[in-house]
There are 2 protein chains.
Amino acid sequence: MRTAIGVDLGGTNTKTAFIDESGRVIKKKVFSTPAPFDRGAWSATLKEYAEALKTSERAPCGIGIGIAGLVDPNSRRVLHAPNIQGIDGWAIGEDLEKAFGLPVKADNDVNVMALGGHFFGPNDGSKNIVCLTLGTGVGGALIINGQLYRGSGFTAGELGHITINEEGPQCSCGNHGCAEAYLGNQRIVRRFKDFLRKDGNSIVTDMAGPDGAVTPHMIYEAAKKGDAIALKVWEETAAHLATLLSGVINLVNPDKIILGGGVANAFDVMEKPLWDNIHKRALKAAVSGLRIVTSKQGEDAGVIGAAALVLKEGAA
Amino acid sequence: MRTAIGVDLGGTNTKTAFIDESGRVIKKKVFSTPAPFDRGAWSATLKEYAEALKTSERAPCGIGIGIAGLVDPNSRRVLHAPNIQGIDGWAIGEDLEKAFGLPVKADNDVNVMALGGHFFGPNDGSKNIVCLTLGTGVGGALIINGQLYRGSGFTAGELGHITINEEGPQCSCGNHGCAEAYLGNQRIVRRFKDFLRKDGNSIVTDMAGPDGAVTPHMIYEAAKKGDAIALKVWEETAAHLATLLSGVINLVNPDKIILGGGVANAFDVMEKPLWDNIHKRALKAAVSGLRIVTSKQGEDAGVIGAAALVLKEGAA
């Protein structure tokens with residue numbers, strides 16, 4: 001069976017794994033991404049782990065890399081990765097090909113997750129898919145006519161920076177009222193604190209650590225237990241998410257929306273208000289036939305998707 | 001030279017023309033669309049005009065039809081056309097094929113305009129194009145990888161119904177804060193009246209007819225003459241347009257945006273504030289290399305695009 005090395009290069013950690021043709025993780029390793037980034041040291045560590053993971057039965061046919069940043073998949077060069085200091089401009093594909101003697105493909109991390117979800121996810125015949133990752137930031141990617149759509153400058157799919165309220169709060173990108181300014185982790189926690197200040201009590205305050213830090217996960221756990229404030233946080237979050245998705249639905253008319261990232265774990269408490277608000281906002285014809293699901297690949301989505309670059313995309 | 005009959009079926013008028021392979025209008029006719037719609041009478045009138053337009057040198061190779069509504073291009077059936085009463089469900093392609101003895105293609109009117117603009121417009125190498133029509137309503141279409149992208153249920157490209165302010169005014173579609181609720185003709189006129197009420201004088205009041213009716217065209221003419229209120233109307237309109245386009249730019253990362261419809265004629269007074277606001281809102285990497293232009297096909301865009309369905313799309 002063909003295998004590939006998938007690499008998920010993030011600002012904090014680098015994950016690498018052997019992935020087989022069915023998208024299964026055979027074995028994986030995680031190491032800290034050097035900060036500031038050191039190309040030689042990082043490549044050497046990657047090679048060491050790859051050698052250790054390799055066996056005679058699974059000689060890899062290539063290396064796929066997903067990177068938290070803007071990547072040119074043709075030149076396989078990192079254009080801009082704001083969270084990995086010192087990597088901008090690196091022709092990572094060329095250098096790793098020399099170091100490993102294997103073909104290398106590289107792309108943005110959310111793009112490869114979308115590819116992995118498309119090729120290794122449930123084969124339901126979906127051709128047009130919107131992928132949205134909800135975490136510290138809000139990312140996205142588009143599958144159009146069964147292929148990853150990268151846009152003219154490889155930046156397509158930035159769902160987090162679609163404006164949902166032109167008079168809204170400022171976003172990290174400088175714009176006002178981006179979806180990310182309503183759906184990012186910090187905003188969800190702030191929403192909780194605002195409700196708490198007004199309405200009094202929540203069991204989340206007992207769940208918070210000694211430093212008082214609250215996470216979306218705690219708010220989710222509380223909502224599952226029926227905590228009124230936590231439920232309101234997810235209802236309001238779902239309403240903003242619905243505004244974003246309705247616009248994207250009207251523009252793209254996809255078969256399927258896949259939600260990933262940490263906040264997507266709260267999908268079960270958001271699902272009803274999300275659909276209620278989408279039905280209020282989106283065009284009826286554009287919603288008919290649409291499904292919204294969560295990613296099933298969890299924390300391995302990055303390495304699986306990276307391997308899909310090699311094992312699936314353009315491999316026919 | 002190959003020719004085709006292009007038909008632009010709107011709520012008020014039907015335009016038909018012979019179009020040659022270069023997208024040139026050879027000859028055209030306009031007649032009133034019957035209301036309520038009468039399939040037999042409409043087809044008979046169309047046939048009469050087509051026969052009259054025909055000469056021995058230009059036997060058409062097919063008929064392309066653009067319809068103001070939702071159309072299934074495969075079954076060539078009208079799914080929903082809110083402004084053409086009595087047409088919903090009509091298998092227009094099949095019926096016209098019988099009546100004319102020619103292959104017939106049918107699609108949404110904005111989709112075919114986008115096709116026409118792509119195939120017959122300036123050949124500048126653009127592959128990913130966003131088309132936006134600004135008039136009574138706000139429509140749109142997407143060219144992705146050089147092909148018209150229709151979406152999973154043929155509804156893609158509804159740029160007018162992307163929310164730009166989730167707390168905004170109600171739109172005709174029922175949603176709140178759609179782009180159309182800021183950019184449609186009526187809203188532009190209302191914006192003018194609001195400014196006039198606050199700020200006093202405008203030469204537009206002298207341009208209005210005896211019934212006092214104001215049009216976007218008058219506001220444009222006044223802006224060209226330096227009328228302060230008219231200029232403010234286009235500045236504010238451009239700012240809302242920039243919010244819409246910035247979101248679409250961040251999602252689609254196109255090479256080019258083509259603006260069509262009546263309001264696009266005011267592009268010269270909107271261009272500067274439009275770009276200023278796009279630079280404030282859109283991601284830098286997504287904007288680099290982007291061009292925004294107006295459609296050059298004017299009022300013939302519909303018939304030219306309809307002919308492109310036959311002469312160009314899938315004709316290879």
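Side chains are part of it too, since the values below use all heavy atoms of this structure and drop only hydrogens, waters and symmetry mates. Proteins come first, then strands; the chains are lettered A, B, ... in the order of their sequence lines, and each starts at number 1.
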Subject >> CD (B:E236) with more than 12 external heavy atoms under 6.0 Å >> reply: yes

Subject >> Atom CD of B:Q170 with >12 non-hydrogen neighbours under 6.0 angstrom >> reply: yes

Original post:
Atom NE2 of B:H161 and atom CZ of A:R281: how far apart are they, to the nearest 0.5 Å?
Top reply: 13.5 Å

Original post:
Between A:E167 and B:E167, is any pair of side-chain heavy atoms under 4.5 Å apart?
Top reply: no

Subject >> Contacting region of B:L283 [heavy-atom separation from chain A under 4.5 Å] >> reply: side chain

**OP:** Check B:L70 against A:A285 and note the closest heavy-atom contact, atom names and distance.
**Re:** CD2-CB, 3.6 Å

Subject >> Spacing of CG belonging to A:N277 relative to CD belonging to B:E166, to within rounding of 0.5 Å >> reply: 9.0 Å

**OP:** Could you tell me the separation between the OG1 atom of B:T155 and the NZ atom of A:K284, rounded to the nearest 0.5 Å?
**Re:** 13.5 Å

Original post:
Do other residues, nucleotides or ligands put more than 12 heavy atoms under 6.0 Å from B:K127 NZ?
Top reply: no

Original post:
Would one find more than 12 heavy atoms of other residues, nucleotides or ligands at under 6.0 Å from atom CZ of B:R291?
Top reply: yes

Subject >> Most contacts with chain A, counted as non-hydrogen pairs under 4.5 angstrom, among B:G160, B:A156, B:S126 >> reply: B:A156

Subject >> B:I164 versus chain A, the contacting section by heavy-atom distance below 4.5 Å >> reply: both

Original post:
Measuring heavy-atom distances to chain B, does A:H240 have an atom under 4.5 Å in its side chain, in its backbone, in both, or in neither?
Top reply: both

Original post:
Between A:A239 and chain B, which part of the residue has a heavy atom less than 4.5 Å away: side chain, backbone, both or neither?
Top reply: backbone

**OP:** Considering only heavy atoms and a distance below 4.5 Å, find which of A:G140, A:A286, A:S246 pairs most often with chain B.
**Re:** A:A286

Original post:
Got more than 12 heavy atoms from elsewhere within 6.0 Å of CD, A:Q186?
Top reply: no

Original post:
Distance-only, no hydrogens or angles: does the A:Y149 side chain make a donor-acceptor pair with backbone N or O of B:N145 under 3.5 Å?
Top reply: no

Original post:
Can you find a side-chain donor-acceptor pair between B:N253 and A:S152 that sits under 3.5 Å?
Top reply: no

Subject >> Nearest-0.5 Å distance, OG1 of residue B:T163 to CG of residue A:N250 >> reply: 7.5 Å

Original post:
For the candidates A:L251, A:I162, A:L290, which exhibits the highest count of non-hydrogen atom pairs separated by less than 4.5 Å from chain B?
Top reply: A:L251

**OP:** Against chain A, label B:K280 side chain, backbone, both or neither, depending on which of its atoms sit under 4.5 Å from a heavy atom there.
**Re:** backbone

Original post:
So with a 6.0 Å cut-off around CG of A:D124, is the heavy-atom count from everything else above 12?
Top reply: yes

